[in-house]
2 protein chains.
Amino acid sequence: MLPYKNLILINTDTTEPLYRQIAVQLIALIQEGKLLPGTLLPSTRTLAFDLQLHRKTITAAYDVLVSEDWVDNLPRKGYVVSSDLPLIKPRSYKKNKISAFAHKGVISFEPLDTILNPVFPLDKSRIMIDDGFPDVSLLPVTTIAKQFKKALDNVTYKAILRHGMWENSNLSVALSTFLKQTRGLDIGVENIFITRGAQMAIYIAASLIIKPGDKVIVSDPSYFIADLVFERLGAELIRVPVDSEGMCTQSIEEILQKNEVKMMYIIPHHHHPTTVTMSVERRQHMLKLIKAYDIAVIEDDYDYDFQFKYDPYLPLASGDHGGKIIYIGSLTKVLGTPFRLGYMVATTDFLDAARKLRRLIDIRGDAIIEEAAAGLINNGDLTRHIQRSNRLYAQRCDMASELISKELTDVVNFTKPTGGMALWLTFNPEFKLYDILKKAHKDGIVLSGTVYCTGKNAHLNSCRFGFASLNEKQLIEVIEVLKKASEK
Amino acid sequence: MLPYKNLILINTDTTEPLYRQIAVQLIALIQEGKLLPGTLLPSTRTLAFDLQLHRKTITAAYDVLVSEDWVDNLPRKGYVVSSDLPLIKPRSYKKNKISAFAHKGVISFEPLDTILNPVFPLDKSRIMIDDGFPDVSLLPVTTIAKQFKKALDNVTYKAILRHGMWENSNLSVALSTFLKQTRGLDIGVENIFITRGAQMAIYIAASLIIKPGDKVIVSDPSYFIADLVFERLGAELIRVPVDSEGMCTQSIEEILQKNEVKMMYIIPHHHHPTTVTMSVERRQHMLKLIKAYDIAVIEDDYDYDFQFKYDPYLPLASGDHGGKIIYIGSLTKVLGTPFRLGYMVATTDFLDAARKLRRLIDIRGDAIIEEAAAGLINNGDLTRHIQRSNRLYAQRCDMASELISKELTDVVNFTKPTGGMALWLTFNPEFKLYDILKKAHKDGIVLSGTVYCTGKNAHLNSCRFGFASLNEKQLIEVIEVLKKASEK
């Protein structure tokens, strides 16, 4: 119920009758959209009491509203704002433009438009091919719900405030053990900072490091949302090509010799978007460069946990880098898109600054979700879920690779990855990816992930093909549609 | 298990025996902390297979490790890294400083140090007085858990990606109805953008608006974390005093006449930190100024839902402001600190830009939590929870106010608020708040919220006293301790 007492102001210094004053102000409330069609007005008795007026005055006001079609007097219900309203004035939020201050350059986000929006709309598709996301139907739903309930039951305000001031300390402890065991990182709990997904970790680390004009080395191509973060912070990006062994460290060395570089952003493991894993030789060269030059390094290791063969490489961050590597990972790739949990591993002074910046952005995380995630790690559910998923994703990777090799032989080039959740498909130049996707979209198939087929990226003619979230039937159907769409 | 096959490299071009090469590399792994005390090494058979060597070579290597005390050979268990290790080398992440790049000014967050950390440590207190947070023990835990489970059960990947690309559309719809009904905002679902708490909304809105050097009007005092956001973005803050009627709009008008102001940050309802609600006259003046001048306005309405009397004021955003007001609110204050959900209400073009920036910071929200919150709104649980909480908080406000008036008569000045979750206590100059808090801290009482008693804020000698999360017994105890601590 609206606060009519404050909304309707009675002026006794005027000759305008009271009932008319009330009617006019109620009409204004309707016109402004504060009283919506169908809203029941207060009874004449209630409003009379609130405004300290005689009930007959209110009745007279309501009569005006009824006679002017603003309000209906419904039997056994009362006075209700009409659903058939006379002319409505334009409203503050319903205009399309904040014309009043847009000309000051308030909204200057246009450059991001083309790449942050999907090439074709997602909403009318039968099947969506994503960027390489887990299959949420595999989630141990009951276990997660149980952990959530447990965390919620045991929540005390004090515990939340202490743990949750920035992040949940139980999750930090669980994660630090998990990362030591799986990645050989020589860290204590003090070297872990929990964020919303890896993206927030990238944003915060980059914000602390990059000043306008700083030079930043990235791969070519690179994870485009990271590129956008660095560019928004004013970085000048220096791009280094990626081949079958990963980023060309020889090029990096030449760049470092000639430039004062502030930061380097690398994805040695299942590089995004190309899925290439960096070779041992390049890794050793890279570590040597990091030690020799005065640079900060963000190592983005977004899907380390998904490897189909034994023998993953350890992250560069597990090597000897003098604390220069900020290692970033994600639980979102494990628990699925419903959850956004990531982490940053770095030296304590850097994390102190990161925690402070995070408070300006987001205060703290969701204590219950973080507690539930800690529970999933501690009782082994996370590891079991990863193992189960890996087995299935390996099969889907095999199947997708075989199908594409067979059905799209002359159309697509790709290298089957040793893990992860996506293929990187490069279409031969005579097959324009944009046209193929347009045809596929008509057939109900849409790509929601990284697609390079328009604008300055058109020459790449490539896309990520997330196989992990598609079942056998969907894989067959999707590739059939792509095949049909590639036929001349 | 670590990927030994990649970690141990065998060099056949050297005279160093194979077993020795293996032993040295395993020692290095232990020294680097990659093999932790207690870790079970692979059996000699497994490692021999992995490295394609004879099992005897591995046994010889393990013998070296045992003889040098790096490893214990435990009966019926195997070779285990000793918990009693010889000298450990310094580790990459365990150093205290990222000395390698800190001198480039990478970490420059010192100015925030003093105010972002609590004045006294929180961890050894019996009772914490917070900034004005809800009592999480009132949460309808079963209902929340049920909604969470329901959302998790029904989650499909496609639904998440569609709704969750930026935010959950069910929550946007539920929220827009809720806000129309409670706040008289004339909005559609397209005018709502869901964020992590109000803080992220403030951060994003300010980031889109403020360029270095821009002038921004804030109240004096103001919500200090918002101040820090604006300052970090390079704003020049112009401070306007707050009296018993709220921010002095007369001063604002004078400032606007003389300066090109880019933005104004206001908290008309339960102002933070002072709890003052802006009078009707000031509100009308404010709206006039907003219409007359070319400025963007952030209206922070963090605890509108908590009012102890009928007759709340509607937000300024419900008035005629030509789309200039960006209205920001929070569900965190309703659902409690375990959840971080906030929203921004603005014209669609501004929200488009906001959504893009949010992707750089955080990609998207937690789809399950957002879906659960939508369920809580739609089935009326949220409103019932607010009503129940309000009744209790009103009692606690009464009780806290009476106790403080009685026990701290000459010590503290405050005005009892008409809603919200905190009192704003100003200590008389002869009572140094810092000294009182120091004594109270020894007695197990600590303040975790806004405290102005050190540095450039020492003259304010004031603090927020969150009464909502303290029960009767705690209120009595806390005020007794504060009384004792104020005695000379």
Side-chain angles (χ1 to χ4, degrees), chain A residues 2-3 5-6 32-34 91-93 95 97-98 100-101 106-107 109 112 116 128 136 141 145 148-149 152 155 157-158 160-161 184 186-187 191 196-197 199-200 203 209 228-229 296 311-313 321-324 337-340 347 349-350 353 356 360-363 366-368 448 469, chain B residues 2-3 5-6 32-34 91-93 95 97-98 100-101 106-107 109 112 116 128 136 141 145 148-149 152 155 157-158 160-161 184 186-187 191 196-197 199-200 203 209 228-229 296 311-313 321-324 337-340 347 349-350 353 356 360-363 366-368 448 469:
Chain A
L2 290 177
K5 191 173 160 185
N6 269 6
E32 290 161 16
K34 277 169 204 150
R91 295 165 177 187
S92 299
Y93 283 119
K95 292 174 200 164
K97 289 277 162 201
I98 313 187
F101 61 95
V106 168
I107 303 159
F109 237 70
L112 304 183
L116 273 176
M128 201 181 289
V136 289
V141 167
F148 180 83
K149 178 73 163 54
L152 200 55
V155 83
Y157 171 63
K158 223 168 154 178
I160 292 172
L161 199 63
D186 52 353
I187 52 170
N191 299 111
R196 313 279 193 185
Q199 187 65 39
M200 184 177 276
Y203 183 85
I209 294 169
L228 292 175
V229 171
D311 279 344
Y313 299 94
H321 53 80
K324 287 185 201 170
T337 35
F339 300 95
R340 296 220 33 88
T347 50
D349 59 340
F350 193 80
K356 279 171 190 146
L360 304 196
I361 296 172
D362 180 35
I363 307 274
D366 288 315
I368 306 293
S448 69
S469 62
Chain B
L2 289 178
K5 191 172 161 184
N6 270 6
E32 290 162 15
K34 278 169 203 148
R91 297 166 176 188
S92 299
Y93 284 118
K95 292 174 201 164
K97 290 276 161 201
I98 312 188
F101 62 93
V106 169
I107 304 159
F109 238 71
L112 306 182
L116 273 175
M128 202 180 291
V136 289
V141 167
F148 180 84
K149 177 74 162 56
L152 200 56
V155 83
Y157 171 64
K158 222 168 153 178
I160 290 172
L161 198 63
D186 52 353
I187 53 171
N191 299 112
R196 313 279 193 184
Q199 187 64 39
M200 184 177 276
Y203 182 85
I209 294 169
L228 292 176
V229 171
D311 279 345
Y313 298 95
H321 53 79
K324 287 186 200 169
T337 35
F339 299 95
R340 296 219 34 85
T347 51
D349 59 340
F350 192 79
K356 279 171 190 147
L360 304 196
I361 295 172
D362 181 34
I363 308 272
D366 289 314
I368 307 294
S448 68
S469 61

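Here is how names work: the chains are called A, B, and so on, in the same order as the sequence lines, proteins then strands, and each is numbered from 1.
In terms of heavy atoms, V141(B) sits closest to L152(A) at O-CD2, 3.5 Å.
The one candidate from I363(B), I361(B), D366(B) that meets the side chain to side chain contact (heavy atoms under 4.5 Å, CB included) condition with R196(A) is D366(B).
Residues that satisfy the ring pair (Phe, Tyr, Trp, His ring centres under 6.0 Å) test with F148(B), not counting sequence neighbours, are F148(A).
R340(B) is listed as a side-chain neighbour of D362(A), based on a closest heavy-atom distance under 4.5 Å.
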